[in-house]
Amino acid sequence: MKKTLITGAAGFLGSHLCDRFIAEGHHVIAMDNLITGDLKNIEHLMPLENFEFYHHDVTKFVHVPGELDYILHFASPASPIDYLKIPIQTLKVGALGTHNLLGLAKEKKARFMIASTSEIYGDPLVHPQPEEYYGNVNTIGPRGVYDEAKRFQESITMAYHRFHGLDTRIVRIFNTYGPRMRLNDGRVIPAFMGQALRGEDLTVFGDGSQTRSFCYVDDEIEGIYRLLMSDYTLPMNIGNPNEITIKQFAEEIIKLTGTDQKIIYRPLPKDDPMQRQPDISKAKEILGWEPKVGRSEGMRKTFEYFKTLSKEELEKIEHRDFSKVNRK
Ligand code: UDP
């Protein structure tokens, strides 16, 4: 039985990865410090014999007994609001956490994958973004803590690959959505859906002309799995190229949810990228992968999930109290 360590396992993507690797017959070691993750995302896996949960912060030395075949480092805050609240943790999990896990992968001779991001392209001047584009990132802006940690993460991973011969994979994930997103993490999909469910107006930032390209989680996980199992070691974009402006997107959500609320406009956050769309030529050619779930189907499934949340969960502005965690 293959043994796989997944960090950030109680988070949105991490928990879906746990499901996938369990379905593939792996023994899964799930690791999370639960700052932004939530055990309810993986509680259905807890009774399984081939599933273990380690409550651990990967910025500290990581010990896992026995052999490991794969390590997937998916631990990181991943929303602009989180970066503002826990900037130092964000930097550390990308930098120190990655270093610790690379050391572990080297020791165990495990294949190592990091979750990189479209954010490494910053506010891109090349559109759509191919993997060869170096990006346009403000190192000291509010998103810099995430963007630069992720850029460092790619560099150190390639250094371990080239210097130590470590078997590595780098996936650049574009905006992904689906069940188990955190309702109040400030990202646009949970924000709009939460607002619709609470009967509030939808807050579009700026004039809403900025674009994003949203990928349904099942497609994203399939692409990640295929990349891990391939022998491709350079960074690869995995995302859905179907691009939309945020204003059009808000209008779609109003239709989907049947809310009679309207759109209101709020200031655009600093360094908010104006456009984003993955060039997925490489994923198509090398992995034979492309997204299958259209936005209307994906959004419907996601809205079904948010509708299952209790009124209490829905009303809480932020159910995470960051003052109680180690913010350093
Ligand atoms: N956004 C918005 N209203 C919200 C939350 C986000 O208009 O309530 C916008 C945000 O300014 C950005 C886009 O939606 O242009 C996507 O934001 P998100 O935080 O989901 O992810 P990003 O791609 O910016 O990391």
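Note that ligands are numbered from 1 as they come in the structure, with each ligand's atoms numbered from 1 the same way.
Under a 4.0 Å heavy-atom criterion, Phe249 is not in contact with ligand 1.
Residues Thr203 and Arg266 bring no donor and acceptor atom of their side chains to less than 3.5 Å of each other.
Only the side chain of Gln210 comes within contact range of ligand 1, with a heavy atom under 4.0 Å; no backbone atom does. Contacts with ligand 1 closer than 4.0 Å are made by no heavy atom of Arg266, backbone or side chain. Contacts between Leu202 and ligand 1 below 4.0 angstrom, taking non-hydrogen atoms only, are absent altogether. Heavy atoms of Pro80 found under 4.0 angstrom from ligand 1 belong exclusively to the side chain.
At least one N or O atom of Val188 sits closer than 3.5 Å to an N or O atom of ligand 1. Polar contact with ligand 1: present for Arg143 (N/O pair, distance under 3.5 Å). Taking distance alone, with nitrogen or oxygen atoms compared against 3.5 Å, Leu268 stays at or beyond that limit from ligand 1. Polar contact check, Arg276 against ligand 1: a nitrogen or oxygen pair lies under 3.5 Å apart.
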Please test Met299 against Tyr216 for side chain to side chain contact (heavy atoms under 4.5 Å, CB included), starting from the C-alpha separation and ending with a verdict.
CA-CA 8 Å; Met299 288 298 162; Tyr216 189 63; over 6 Å; no
Using the side chain to side chain contact (heavy atoms under 4.5 Å, CB included) rule, take Phe21 and His27 through it: C-alpha gap first, then chi angles, then the decisive distance, then the call.
CA-CA 8 Å; Phe21 282 84; His27 181 109; over 6 Å; no
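Considering only heavy atoms from C-beta on, Lys2 comes within 4.5 Å of Tyr70 through its side chain. Proximity of Val93 to His73: side-chain heavy atoms (C-beta onward) are separated by under 4.5 Å at one or more points. Asn50 places a side-chain heavy atom less than 4.5 Å from the side chain of Met1. Contact check for Glu222 versus Arg20: side-chain heavy atoms found under the 4.5 Å cut-off.
Listed for the Gln275 side chain is a donor-acceptor partner under 3.5 Å among the backbone atoms of Pro124.
Among all non-hydrogen protein atoms, the one lying nearest atom 7 (O) of ligand 1 is Phe205 N, 2.8 Å. The nearest heavy-atom contact from the protein to atom 13 (C) of ligand 1 is Ile246 CD1, 3.6 Å. In terms of protein heavy-atom proximity, atom 8 (O) of ligand 1 is nearest to Thr203 OG1, 3.0 Å. Looking from atom 10 (C) of ligand 1 to the surrounding protein, the closest heavy atom is Asp272 OD2, 3.3 Å. At the shortest separation from atom 21 (O) of ligand 1 among protein heavy atoms lies Asn175 ND2, 3.6 Å.
Shown here is His127, whose NE2 atom has more than 12 heavy atoms of other residues, nucleotides or ligands within 6.0 Å.
Atoms of ligand 1 lying under 4.0 Å from at least one heavy atom of Val204, given by number and element, are 7 (O).
No close placement of the Phe12 and Tyr177 rings is indicated, their centers lying 6.0 Å or farther apart.
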